[in-house]
Amino acid sequence: MIIDFHTHSFPDAIAERTIAYLTERGGIKPCREGTLGSLTDSMKRSGIDYSVVLPIVTHPKQERTINRVSVENNGKNNVFFAGGVHPDSSNADETLDAVKAGGLFGIKFHPDYQGVEFDDPRFLNVIRKAAERGLYIVTHAGWDVAFRNHVHCTPDMILYVLKELKGLIENKLILAHLGGYDMPDEVLQKLIGAPVYMDTAAVLRLYPEKCREIILRHGADKILFASDSPWADQKDYVEIIKSFNLGKEAEEKIFHKNAEKILGI
Ligand SMILES: [Zn+2]
């Protein structure tokens, strides 16, 4: 079984223009259209059994709609959804209660698109509230292709958050892009062995040998297979992981066992 823990899709009405905007802004090319239908097509082509869609709340006003759409679609067509809360939310408690009551496994943060650094008190506040409700917290980590001048979630910021929320968020935090997009050396130096999951989204083609090293040193128990589709091809990413020759047991953890535990399936 294979679960892709990090994908994106957008409601049909806005998928085309959202993808066009993100393509232009990040200077990257999508591997499929942005709709949910194109995600399930890609899953069939790639031998992926389940995918997780991670929407991003870029403004507090979007919380209600994004979480409603996530709850409505969660679990249908073998696709699970995260919810979201903005660090500037005026009603984070109510938003996170709705995420929890809706049966979502967790929430997604993107500090770059949310315009707040990950170690900011506003983030600590919403992370604490999410963790108290037993929700998982997925965050973009490292550079973002659309924000090339400033990193809003560095390994140091992650270590600070782990320290500040000690006893509350161990093994609840999931760092995208193997702990930091385009900063594998700093990840190797600072985050290996920390009580965090890391997903493999978007980085496997950039520096495959460093990725393999991060996976081996951080340990298969804390790695989640992920592509970042449409920004990478699901099938291609399956093949790269297989090419790492991590052994059957490690592959099973990375491809689905760890994700099953988090999703409760
Ligand atoms: Zn992503």
Side-chain angles (χ1 to χ4, degrees), residues 2-11 14-15 18-36 38-40 42-43 46 48 50-58 62 66 69-70 73 79-86 104-116 118 136-148 151-154 158 173-184 187 196-207 211 214 223-238 240-241 259 262-263:
I2 301 179
I3 301 174
D4 184 340
F5 209 87
H6 184 149
T7 69
H8 299 282
S9 83
F10 307 93
I14 62 159
T18 307
I19 288 285
Y21 169 75
L22 293 169
T23 299
E24 161 88 37
R25 172 123 208 207
I28 38 169
K29 264 171 85 177
C31 299
R32 59 168 178 84
E33 286 169 31
T35 59
L36 195 51
S38 79
L39 173 63
T40 51
S42 166
M43 288 162 65
S46 314
I48 306 269
Y50 297 96
S51 286
V52 178
V53 169
L54 304 174
I56 298 162
V57 175
T58 58
Q62 299 171 332
I66 285 181
V69 171
S70 285
N73 290 295
V79 179
F80 294 94
F81 284 74
V85 65
H86 196 281
L104 305 179
F105 76 95
I107 50 169
K108 163 79 187 259
F109 289 127
H110 199 309
D112 301 274
Y113 279 95
Q114 292 172 325
V116 178
F118 196 60
Y136 284 88
I137 296 130
V138 188
T139 184
H140 172 88
W143 291 97
D144 186 276
V145 290
F147 295 83
R148 272 293 174 183
V151 181
H152 289 73
C153 183
T154 63
I158 291 158
L173 195 56
I174 300 164
L175 308 176
H177 317 303
L178 284 176
Y181 186 90
D182 216 358
M183 41 200 330
V187 168
V196 292
Y197 286 94
M198 297 182 185
D199 84 28
T200 65
V203 288
L204 295 180
R205 276 262 169 244
L206 286 185
Y207 35 82
C211 289
I214 292 171
I223 303 287
L224 299 163
F225 171 74
S227 65
D228 212 2
S229 173
W231 309 115
D233 182 60
Q234 291 185 309
K235 190 165 197 286
D236 183 44
Y237 266 45
V238 171
I240 300 173
I241 291 290
I262 293 169
L263 296 169

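Indexing begins at 1, ligand by ligand and atom by atom, following the structure's order.
- The closest side-chain donor-acceptor pair between S42 and Q234 falls under 3.5 angstrom.
- Tested against H152 for a side-chain contact (heavy atoms from CB on, under 4.5 Å), the candidates T139, V116, D144, D112 yield a single pass: D112.
- For the Zn ion (ligand 1), protein N, O or S atoms closer than 2.8 Å were enumerated as H6 NE2, H8 NE2, D228 OD1, with waters left out.
- Relative orientation of the F147 and Y113 rings is perpendicular, given thresholds of 30° and 60° on the angle between their planes.
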>> Using the rule given for ring pair (Phe, Tyr, Trp, His ring centres under 6.0 Å), can you reason through F10 versus Y21, listing the C-alpha separation, both sets of side-chain angles and the distance that settles it, and then say yes or no?
In response: CA-CA 13 Å; F10 307 93; Y21 169 75; over 10 Å; no
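- Remark: of the listed residues H8, H177, H6, H177 is the sole one forming a ring pair (Phe, Tyr, Trp, His ring centres under 6.0 Å) with H140.
- For the salt bridge (charged side-chain N to carboxylate O under 4.0 Å, His left out) test, residues two or more places apart in sequence or in another chain that qualify with R205 are D236.
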